[in-house]
A.B. asks: 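Could you have a look at this structure, given as structure tokens, before my questions?
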Amino acid sequence: MASERNDFIRDIIDADLEAGRHQRVATRFPPEPNGYLHIGHAKSICLNFGIARDYQGTCNLRYDDTNPEKEDVEYVDSIERDVRWLGFAPTAVLFSADYFPKMYELAERLVRDGHAYVCDLTYEERKQQRGTLSEPGTPSPFRARSVEENLDLLRRMKAGEFPDNTRTLRAKIDMASANMKMRDPLLYRIRHATHHRSGAAWCIYPMYDYAHPLEDAIEGITHSICTLEFENNRELYDWVLDHTGPWNPRPHQYEFARLALDYTVMSKRKLLELVQRKKVAGWDDPRMPTIAAMRRRGYSPEAIRAFADMIGVAKANSMVDIGKLEYCVRDDLNRNAPRVLGVLRPVEVVFANVPQVVNGALATVDAPLFPPDIGKPGTRPLAIGERVYIDRNDWRDEPEAGYQRLAPGRTVRLRYGYCITAEGAEHDASGAVTRIRATVHPETLGGVSPADGRKVSGVIHWVDAASSIAAEVRLYEHLFSSPRPEDGGGDFLDQIDPRSLETITDARLEPSMAAAEVGSRWQLERVGYFCVDPDSKPGALVLNRIVTLRDSSEKRTEASAVAVKEPKEPKKNVKAATRPKGKSPAEYRAEARERDPELAAMFEKIGALVPTDQADLLAGDRATARLFLDTVALVGFADTTAKWMINELPRALGDRELAEAGLDAPRFAELVKLLGEAKLPAAAAKSALGEMISTGKRVGDVAVQAPAVSVADLDARVQEVIAANPDKAAQYKAGRTGLLGFFVGQVIKAAPGADPTDVNAMVRNRLG
RNA sequence: UCGGGGAUCGUCUAAUGGCAGGACAGCAGCCUUUGGAGCUGCUCAUCAAGGUUCGAAUCCUUGUCCCCGAACCA
């Protein structure tokens with residue numbers, strides 16, 4: 001059983017297990033090897049593998065490689081590496097291509113059963129005959145070919161007798177289906193192509209809609225999870241399984257909303273374009289949303305998994321704030337990245353008063369690798385020499401309000417070291433500071449305040465000029481300057497932020513960083529988190545900025561507020577405007593009556609008993625209308641019957657149709673009678689109705705009439721509940737009237753036979 | 001003969017007729033040898049209108065808006 005919060009898919013799995021529909025859970029992650037995996041895939045990986053983990057089930061990594069022209073082993077390799085790096089071990093690593101023989105065998109079966117045919121229509125002809133979203137298609141002239149001819153043609157297709165694109169195998173379903181996917185969809189196409197796995201063994205390849213359900217069924221997948229755009233494909237998925245089975249377990253497809261993140265793009269096509277047009281350095285350019293890029297940038301698998309947990313799984317299209325990802329990355333790094341000192345834009349500080357120099361240093365301190373709140377051990381020595389570098393950004397010739405760092409006459413603490421006071425600065429011709437002169441307060445080591453009582457305005461980072469090492473630092477920002485680069489109608493490539501990569505070649509790091517390994521992650525205190533890039537060479541470190549530190553200084557807030565551009569006009573949905581409006585249920589009911597005079601007559605009769613709007617709802621189909629009329633004929637109470645049929649019956653029915661639910665008028669009438677005569681409380685009647693429908697029993701057998709509760713008893717219950725929740729009672733009295741429902745619910749739980757109306761009144765009374 | 005889905009704080013997501021909750025972001029304060037972290041508090045939502053009900057985000061009705069679907073892609 002899954003722990004913590006469930007998503008709707010885990011709810012479905014829980015229900016399936018509970019109902020005995022499955023004894024075990026099997027999922028799969030089915031990428032097509034035609035690109036690198038991205039953060040959106042990570043969401044799916046965490047879902048599928050996470051379910052396998054939570055339910056002690058299985059999860060296969062299966063390459064959905066049915067299109068030889070787009071797929072490549074480079075992608076196959078990268079995908080498995082990324083899945084494993086994310087922390088998941090596939091139960092099996094499989095390839096659709098390995099099922100080609102079995103799929104073909106089933107295709108022959110479809111032909112033999114008359115469910116598929118070979119079609120000679122060209123692409124253009126088929127397009128012509130497909131119809132549109134609102135008009136039916138026309139059947140292919142080859143639809144009526146004999147089984148023998150179809151079988152012969154299919155075998156010759158497989159044998160390679162026909163050139164590419166000259167024939168297809170199509171399912172024989174319904175060219176008039178409202179679902180375009182069901183208009184005799186293609187099952188196989190001819191491609192004399194080399195496949196990355198099966199080589200030249202095949203010249204016909206199955207289409208996704210045929211292959212995918214079979215792959216799932218062959219592997220014994222129970223829950224086949226995909227994204228929302230496949231909702232329309234589910235009907236075909238089921239059709240394929242229905243005509244190739246029986247399958248046990250029989251897989252079912254469920255769809256969730258794919259991840260969309262702002263300030264990036266997620267489609268493989270667009271990612272490929274960025275790579276091929278060299279807008280980025282490759283699939284693993286740290287600005288890309290690919291797993292490989294995030295790994296290189298320094299995101300940890302734990303951070304990405306935490307992100308997947310944070311965003312949840314649902315069916316509503318959504319755009320996730322990239323800040324959530326960055327939060328997860330920082331949260332992980334804060335706990336795990338050792339702190340070191342480094343200066344991105346060095347400016348020299350020379351000390352005028354040098355207290356005492358030992359081995360070329362004023363002092364050497366053991367600086368902790370983690371702050372106290374992290375509670376991790378480790379230190380490294382830090383020598384403070386006569387000259388240090390501080391960040392240019394920590395100096396102001398004229399400090400603005402609220403500024404807490406170094407400026408003429410100001411005193412700051414060098415992190416882990418001395419307090420220093422700036423005495424003056426030298427500038428170049430452009431006015432930029434080139435050197436700062438300062439005095440050291442020798443007594444301030446170890447957190448001691450300056451002896452003269454002067455105020456220390458802040459703490460800044462620094463490195464020793466003599467012993468520090470040089471490094472290249474790559475500063476990354478979001479690749480795109482717009483939160484939705486695909487919106488606005490223009491080319492998304494135009495939205496690339498030219499400032500998304502800034503390279504600093506003369507940064508200085510504390511000497512301990514010379515030993516940092518490729519891939520290791522560090523916090524440069526007060527600057528951000530950094531990861532050692534594989535481009536590093538001995539003596540020539542390259543650091544990637546993983547993410548900045550959160551910065552609550554006002555300056556930064558203002559700057560980023562300016563940087564955020566106004567979102568563009570929301571894109572106009574041309575399709576939506578030209579799309580004809582669908583018929584409303586009311587129109588369907590009216591049409592049904594027009595087609596069916598008997599139903600129209602029933603509508604008339606019902607209209608004589610209840611208001612027209614109710615009659616309309618009750619006379620949309622014969623089963624409903626008949627139930628109403630028969631029930632009223634039996635017991636009267638037209639008003640009660642109508643209200644219960646309209647408002648309560650749908651919920652009790654759930655997914656079932658009234659006609660197949662087997663609720664006959666005599667049984668329903670019994671319930672209505674009790675209701676009409678006020679002999680059964682509404683709440684009891686509701687649960688009874690549900691039970692009557694699912695068990696076929698009579699109301700007398702299922703309605704649990706809790707013993708009546710005397711007024712005195714009920715009042716005691718009310719007072720007990722109020723006494724047990726004094727805080728809530730106080731809140732209620734303070735005006736939080738929504739709590740009334742809470743109290744009523746609690747009392748009814750304690751006294752099931754009570755009339756909610758009475759309880760309501762008594763609670764109000766007691767709570768004043 | 002159009003069909004299939006969806007709509008809850010700024011964002012993501014819970015609540016399966018009974019307290020609209022959590023997280024991110026934001027704001028304020030505390031704390032701090034990182035303007036980090038942490039802690040405390042605050043701001044902020046059920047698409048609309050009717051109906052059923054003691055009680056509706058949830059059930060019914062009528063609307064509105066958004067997404068997906070007419071590749072020999074997946």
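Proteins come first, then strands; the chains are lettered A, B, ... in the order of their sequence lines, and each starts at number 1.
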A.B. asks: So what does A:Leu739 hit on the nucleic acid, given a heavy-atom distance under 4.0 Å: a base, only sugar-phosphate, or nothing?
C.D. replies: base
A.B. asks: Taking atom C1' in both B:rA20 and B:rA45, compute the distance separating them and give it to the nearest angstrom.
C.D. replies: 9 Å
A.B. asks: Would you mind checking if A:Asp7 and A:Arg10 are paired as a salt bridge, meaning a charged N to carboxylate O distance below 4.0 Å?
C.D. replies: yes
A.B. asks: Salt bridge check: are A:Asp394 and A:Arg526 linked by an N-O gap of less than 4.0 Å?
C.D. replies: yes
A.B. asks: Answer yes when A:Lys268 and A:Glu32 have at least one side-chain N-carboxylate O distance shorter than 4.0 Å, and no when they do not.
C.D. replies: no
A.B. asks: With sugar-phosphate meaning primed atoms plus P, OP1 and OP2, does A:Arg736 contact a base, only sugar-phosphate, or nothing at under 4.0 Å between heavy atoms?
C.D. replies: base
A.B. asks: Categorize A:Phe743 for me: base, sugar-phosphate, or nothing, with a 4.0 angstrom heavy-atom threshold over every strand shown.
C.D. replies: nothing
A.B. asks: So what does A:Gly738 touch, heavy atoms closer than 4.0 Å: a base, only the sugar-phosphate, or nothing?
C.D. replies: sugar-phosphate
A.B. asks: Below 3.5 Å, does any donor atom in the side chain of A:Arg651 face an acceptor in the base of B:rG17, or the other way round?
C.D. replies: no
A.B. asks: Between B:rC60, B:rC2, B:rC72, which nucleotide gets closest to the side-chain atoms of A:Ala178?
C.D. replies: B:rC2
A.B. asks: C1' atom, B:rA49 versus B:rU64: distance in rounded Å?
C.D. replies: 11 Å
A.B. asks: Before you tell me yes or no, could you show the steps for A:Asn67 and A:Arg191 under side chain to side chain donor-acceptor pair (under 3.5 Å), namely the whole-Å CA-CA distance, both residues' side-chain angles and the distance that decides it to 0.1 Å?
C.D. replies: CA-CA 9 Å; A:Asn67 184 354; A:Arg191 282 286 183 290; 5.6 Å; no
A.B. asks: Among the candidates B:rG36, B:rC2, B:rA74, find the nucleotide nearest to the side-chain atoms of A:Thr66.
C.D. replies: B:rA74
A.B. asks: Do A:Arg62 and A:Asp216 sit within salt-bridge range, that is, some charged N less than 4.0 Å from a carboxylate O?
C.D. replies: yes
A.B. asks: Looking at A:Arg550, I'd like to know whether one of its side-chain N or O atoms comes within less than 4.0 Å of OP1 or OP2 on B:rA37.
C.D. replies: yes
A.B. asks: Please determine, for the side chain of A:Tyr588, which listed nucleotide (B:rG36, B:rG3, B:rU16) has the closest atom?
C.D. replies: B:rG3
A.B. asks: Dot-bracket notation for RNA chain B is requested: 5' to 3', Watson-Crick or G-U wobble pairs only, both distances under 3.5 Å, with ( ), [ ], | and . as defined.
C.D. replies: .((((((..((((....[..)))).(((((.......)))))....(((((..]....))))))))))).....
A.B. asks: Does B:rA71 have OP1 or OP2 under 4.0 Å away from a side-chain N or O of A:Arg269?
C.D. replies: no
A.B. asks: Report the glycosidic orientation of B:rA25: syn if within 90° of 0, anti in every other case.
C.D. replies: anti
A.B. asks: Taking for each residue the nucleotide of RNA chain B bearing the nearest heavy atom, is the 5' side occupied by A:Ile190 or by A:Ala314?
C.D. replies: A:Ala314
A.B. asks: Looking for any heavy atom pair under 4.0 Å, which part of the strands does A:Gly446 touch: base, sugar-phosphate only, or nothing?
C.D. replies: base
A.B. asks: I'd like to know if A:Asn232 reaches the base of B:rC68 with its side chain, counting only an N/O donor and acceptor under 3.5 Å.
C.D. replies: yes
A.B. asks: When you compare the side chains of A:Arg28 and A:Ser224, does any donor N or O come within less than 3.5 Å of an acceptor on the partner?
C.D. replies: yes
A.B. asks: Looking at every strand, decide which applies to A:Gly402 at a 4.0 Å heavy-atom threshold: base, sugar-phosphate, or nothing.
C.D. replies: base
A.B. asks: For B:rU43 versus B:rA37, give the span between their P atoms, rounded off to a whole number of Å.
C.D. replies: 23 Å
A.B. asks: Identify all pairs in which a protein N or O lies below 3.5 Å from an N or O of nucleotides 47-54 of chain B, and state each distance.
C.D. replies:
| unit_1 | atom_1 | unit_2 | atom_2 | d |
| --- | --- | --- | --- | --- |
| B:rG51 | N2 | A:Asn647 | OD1 | 3.1 |
| B:rU52 | O4' | A:Asn647 | ND2 | 3.3 |
| B:rC54 | O2' | A:Asn760 | ND2 | 2.7 |
| B:rC54 | O2 | A:Asn760 | ND2 | 3.0 |

A.B. asks: Please tell me which of the listed nucleotides, B:rA74, B:rA70, B:rU13, lies nearest to the side chain of A:Ser318?
C.D. replies: B:rU13
A.B. asks: Answer yes or no: side-chain N or O of A:Lys70 and base N or O of B:rC73 forming a donor-acceptor pair under 3.5 Å.
C.D. replies: no
A.B. asks: Relative to the 5' end of RNA chain B, which residue comes earlier, A:Leu524 or A:Asp164, by the nucleotide with the nearest heavy atom?
C.D. replies: A:Leu524
A.B. asks: If I pick the C1' atom on B:rU8 and the same atom on B:rU58, what distance separates them, to the nearest angstrom?
C.D. replies: 11 Å
A.B. asks: Tell me what A:Pro136 touches on the nucleic acid: a base, only sugar-phosphate, or nothing, going by heavy atoms under 4.0 Å.
C.D. replies: base
A.B. asks: Do A:Lys728 and A:Phe742 form a cation-pi contact, if we require the NZ or CZ to be under 6.0 Å from the six-membered ring centre and within 45 degrees of the ring's axis?
C.D. replies: yes
A.B. asks: Any side-chain heavy atom of A:Lys455 sitting closer than 4.5 Å to one from A:Thr411?
C.D. replies: no
A.B. asks: Distance check, P atoms only: B:rU62 and B:rG21, in whole angstrom units.
C.D. replies: 32 Å
A.B. asks: Under a 4.0 Å threshold between the charged nitrogen and the carboxylate oxygen, would A:Glu510 count as salt-bridged to A:Arg339?
C.D. replies: no
A.B. asks: Reckon A:Val313 touches a base, only the sugar-phosphate, or nothing at all at heavy-atom distances under 4.0 Å?
C.D. replies: sugar-phosphate
A.B. asks: How far does the C1' atom of B:rU1 sit from the matching atom of B:rG69, given to the nearest Å?
C.D. replies: 15 Å
A.B. asks: Among B:rC12, B:rU1, B:rU34, find the nucleotide with the atom closest to the side chain of A:Val459.
C.D. replies: B:rU34
A.B. asks: Counting side-chain heavy atoms from CB outward, which of B:rC12, B:rC72, B:rA70 is closest to A:Arg191?
C.D. replies: B:rC72
A.B. asks: Over 60° means perpendicular and under 30° means parallel, so tell me whether A:His195 and A:Tyr205 are parallel, tilted or perpendicular.
C.D. replies: parallel
A.B. asks: Look at the side chain of A:Asp321 and decide which nucleotide, out of B:rG10, B:rG69, B:rC72, has an atom nearest to it.
C.D. replies: B:rG10
A.B. asks: Is A:Asp639 salt-bridged to A:Lys643, going by a charged N under 4.0 Å from an acidic O?
C.D. replies: yes
A.B. asks: May I ask you to verify if any side-chain N or O of A:Arg415 is less than 4.0 angstrom from the OP1 or OP2 atom of B:rG36?
C.D. replies: no
A.B. asks: Do the ring planes of A:Phe95 and A:Tyr63 sit parallel (below 30°), tilted (30 to 60°) or perpendicular (above 60°)?
C.D. replies: parallel
A.B. asks: In whole angstrom, give me the gap between the P atoms of B:rA28 and B:rU61.
C.D. replies: 48 Å
A.B. asks: Before accepting this row, confirm whether a basic side-chain N of the pair A:Glu235/A:Lys181 lies closer than 4.0 Å to the acidic partner's carboxylate O.
C.D. replies: no
A.B. asks: Roughly how many Å apart are B:rU40 and B:rU46, using the P atom of each and rounding to a whole number?
C.D. replies: 28 Å
A.B. asks: Hey, does A:Asp373 reach any base, or is it just sugar-phosphate, or nothing, if we go heavy atoms under 4.0 Å?
C.D. replies: base
A.B. asks: Have a look at A:Gln523 and say if it touches a base, only the backbone sugar-phosphate, or nothing, with a 4.0 Å heavy-atom cut-off.
C.D. replies: base
A.B. asks: Within the structure shown, what part of the strands sits under 4.0 Å from A:Tyr327 by heavy-atom distance: base, sugar-phosphate, or nothing?
C.D. replies: sugar-phosphate
A.B. asks: Give the nucleotide from the list B:rG4, B:rC12, B:rU61 with an atom nearest to the side chain of A:Glu231.
C.D. replies: B:rG4
A.B. asks: Looking across every strand, which nucleic acid part, if any, lies under 4.0 Å from A:Arg330 by heavy atom: base, sugar-phosphate, or nothing?
C.D. replies: nothing
A.B. asks: Quick check on B:rU1: is either OP1 or OP2 less than 4.0 Å from any side-chain nitrogen or oxygen of A:Ser177?
C.D. replies: no
A.B. asks: Could you please name the option among B:rU11, B:rG36, B:rC60 that lies closest to any side-chain atom of A:Ile646?
C.D. replies: B:rC60
A.B. asks: With a non-hydrogen cut-off below 4.0 angstrom, is A:Asn233 in contact with a base, only sugar-phosphate, or nothing?
C.D. replies: base
A.B. asks: Describe the nucleic acid contact of A:Asp64 in one word from base, sugar-phosphate, nothing, applying a heavy-atom distance below 4.0 Å.
C.D. replies: sugar-phosphate
